[in-house]
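First up is the structure itself, then whatever we jot down about it.
Computed from a predicted model, the values in this text were never measured in an experiment.
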Amino acid sequence: MPELPEVETVRRGLEQLLPGLVIASASSDTPKSFPNAETDVRQFLVGANVLRVRRRAKVLLVDLSTNYTLVTHLKMTGQLVFQGKDVHFGAGHPNNSLVGELPDKSTRVRLEFTNGAKLFFNEQRKFGWMKLIPTTEVASIDFMKKLGPEPLQSDFTWQVMQRCLLKRKNTNIKAALLDQTVIAGIGNIYADESLWGAYIHPSTLVRALTDKDFQALHKALLDVLRLSIEKGGSTDKNYVNAKGKKGSYLTFASVFRREGQACPRHPATKIIKLRVAGRGTHICPKCQKL
DNA sequence: CACTTGACCTGTCCGC
DNA sequence: TGCGGACAGGTCAAGT
């Protein structure tokens with residue numbers, strides 16, 4: 001579930017906490033969560049100083065003084081939980097409570113710093129991963145190389161977005177938005193929210209969209225991404241303290257996971273849920289027509 | 001090549 | 001209450 005705004009929220013949090021810390025030890029549970037752990041950890045992780053925390057698409061990049069970068073993909077249920085002396089910081093899945101003692105059964109990777117602080121990579125499922133990659137090579141690994149542009153960069157104009165989306169002109173707009181090689185960082189939440197904002201039905205073929213549609217979609221997309229980052233990500237657990245008190249999940253969303261509720265623009269019309277591009281998809285049938 | 005579908009996982013929820 | 005099955009969704013591999 002972590003998409004661009006959630007990962008950006010994690011990045012901002014970790015950027016305040018990690019730089020300057022020195023890694024003392026690291027361990028992982030399954031090879032899948034940290035494929036090269038055995039050889040890499042000793043050589044490039046232990047003793048490394050954290051320089052900075054970056055983000056590209058939904059990927060977190062922790063640059064280390066060893067000229068290696070710890071690359072993390074949270075996929076759907078991943079969390080990074082920092083436990084310092086007085087600081088607890090967590091991010092991830094709305095259904096996951098961060099109250100419990102860590103490590104727990106879904107802890108995949110554990111980093112310990114020389115000052116006693118810890119960073120846990122938790123994942124209910126085993127889809128997410130961490131990898132150590134030479135910093136200079138990060139941009140050229142397959143996944144990173146194929147990514148589309150960052151929607152929040154200033155040169156991402158509506159015309160740029162149109163050009164990107166037209167690479168998938170024969171598919172529906174929802175599938176195109178979810179395609180990371182078209183635009184980076186959009187997932188199911190912001191695809192649904194931005195399409196609703198732009199009055200576009202998710203099944204609309206990209207080639208059928210007008211300039212006006214692209215302009216509206218561009219504005220709606222940037223608006224929801226910015227609003228969500230401003231709110232610390234859309235999930236209640238994206239930024240919680242150690243008390244782990246429950247927040248309200250997606251309180252700002254207009255349609256996502258709101259089937260049966262009133263459309264904010266048409267109180268008499270209820271949000272419905274469909275399946276588009278193999279994903280649960282939420283629309284207002286009055287705002288979004290084919 | 002363009003596009004779609006299923007697999008990967010585990011926890012949760014729904015119906016019987 | 002227990003249990004099977006559908007569902008959740010980011011990405012990749014396999015299929016059309």
Side-chain angles (χ1 to χ4, degrees), chain A residues 1-8 10 28-35 55-60 71-80 91-100 103-109 121-131 141-148 150-151 163-195 202-208 225 228 233-238 246 249-250 253 255-260 272-282:
Chain A
M1 167 111 24
E3 305 179 27
L4 188 157
E6 288 74 31
V7 180
E8 177 61 20
V10 179
S28 69
D29 70 336
T30 66
K32 192 172 173 179
S33 302
F34 201 154
R55 177 191 62 78
R56 173 78 169 106
K58 301 170 189 171
V59 174
L60 272 172
V71 183
T72 304
H73 201 309
L74 301 173
K75 289 292 177 83
M76 277 87 71
T77 58
Q79 303 176 317
L80 282 174
H93 194 264
N95 297 329
N96 273 3
S97 168
L98 295 171
V99 192
D104 64 18
K105 63 180 172 179
S106 60
T107 299
R108 305 300 169 206
V109 181
F121 174 40
N122 264 35
E123 244 281 66
Q124 272 181 10
R125 308 177 208 176
K126 295 171 183 170
F127 291 0
W129 44 258
M130 272 187 168
K131 285 175 192 164
I141 65 172
D142 233 32
F143 176 82
M144 302 292 278
K145 210 167 47 185
K146 289 193 277 190
L147 287 173
E150 288 287 329
R163 208 154 43 237
C164 292
L165 288 169
L166 283 171
K167 291 200 299 184
R168 294 285 179 276
K169 63 187 163 110
N170 291 319
T171 190
N172 60 68
I173 182 62
K174 170 126 184 190
L177 283 172
L178 292 175
D179 187 335
Q180 300 299 295
T181 70
V182 172
I183 302 170
I186 304 170
N188 212 28
I189 299 173
Y190 301 100
D192 281 7
E193 290 296 313
S194 59
L195 288 169
S203 297
T204 312
L205 294 183
V206 174
R207 64 164 186 263
L225 293 177
S228 183
S234 68
T235 69
D236 61 336
K237 289 291 184 282
N238 251 80
K246 291 205 165 185
Y249 173 53
L250 278 172
V255 289
F256 193 77
R257 298 247 180 97
R258 287 185 181 274
E259 59 267 35
I272 58 170
K273 185 173 179 182
L274 336 155
R275 215 159 175 85
V276 180
R279 293 282 169 259
T281 300
H282 313 75

Do Phe127(A) and Leu74(A) come within less than 4.5 Å of each other through their side chains, counting heavy atoms only?
-> no

Mind checking side chain to side chain contact (heavy atoms under 4.5 Å, CB included) for Ile141(A) and listing every partner two or more places apart, or none if nothing turns up?
-> Ile133(A), Met144(A)

Contact letters for nucleotides 6-11 of chain B, in which S counts primed atoms plus P, OP1 and OP2 and B counts the base, heavy atoms under 4.0 Å | --BBBS

Can you tell me how far C1' of dC13(B) sits from CD of Glu259(A), to the nearest Å?
-> 13 Å

Given atom CZ of Phe256(A) and atom P of dA8(C), what is their separation to the nearest angstrom?
-> 9 Å

Select from Ile186(A) and Arg275(A) the residue whose nearest nucleotide in DNA chain C is closer to the 5' end of that strand.
-> Arg275(A)

May I ask you to test the Met130(A)-Val71(A) pair for a side-chain heavy-atom distance under 4.5 Å?
-> no

Non-neighbouring partners of Ala57(A) that pass side chain to side chain contact (heavy atoms under 4.5 Å, CB included), sequence neighbours left out | Leu147(A), Glu150(A), Gln180(A), Ala184(A)

How close or far is atom P of dC12(C) from atom CG of Asp142(A), stated in whole angstroms?
-> 8 Å

How would you list, by chain and number, every residue that makes a salt bridge (charged side-chain N to carboxylate O under 4.0 Å, His left out) with Lys145(A), sequence neighbours excluded?
-> Asp142(A)

Taking atom P of dA8(C) as reference, at what distance in whole Å does atom CG of Leu274(A) sit?
-> 12 Å

Nearest whole angstrom, please: distance from the C1' of dC7(C) to the CZ of Arg257(A).
-> 10 Å

Just how far, in rounded Å, is P of dT11(C) from CD1 of Ile183(A)?
-> 14 Å

According to a strict under-4.0 Å criterion, is Asn170(A) in side-chain N/O contact with OP1 or OP2 of dA2(B)?
-> no

Taking the side chain as every heavy atom from C-beta outward, state whether Tyr190(A) and Glu6(A) have any pair of such atoms under 4.5 Å apart.
-> yes

So, is His73(A) near the phosphate of dG10(C), with a side-chain N or O under 4.0 Å from OP1 or OP2?
-> no

Every stem of 3 or more Watson-Crick or G-U pairs under 3.5 Å that DNA chain C joins, in order of first number, is B:2-8 with C:10-16, B:10-16 with C:2-8

Any Pro202(A) side-chain heavy atom under 4.5 Å of Asn172(A) side chain = no

So which nucleotide from dC3(B), dA8(C), dT11(C) ends up closest to the side chain of Arg168(A)?
-> dC3(B)

Measure from CG on Asp179(A) to P on dA13(C) and round the result to the nearest Å.
-> 14 Å

Is there a side-chain polar atom (N or O) of Lys167(A) under 4.0 Å from OP1 or OP2 of dA2(B)?
-> no

Does the side chain of Gln180(A) get closer than 4.0 angstrom to OP1 or OP2 of dT11(C) through an N or O atom?
-> yes

Are Glu123(A) and Arg108(A) close enough for a salt bridge, meaning some N to O gap below 4.0 Å?
-> no

Separation of Leu74(A) atom CG from dG10(C) atom C1', in whole Å?
-> 11 Å

Check whether any side-chain heavy atom of Ile272(A) lies under 4.5 Å from a side-chain heavy atom of His282(A), and answer yes or no.
-> no

P spacing across the pair dA14(C) / dC9(B), given as an integer number of angstrom = 14 Å

Selection residues 183-192 of chain A - residue pairs positive for salt bridge (Lys or Arg N to Asp or Glu O under 4.0 Å), sequence neighbours left out = Lys174(A)-Asp192(A)

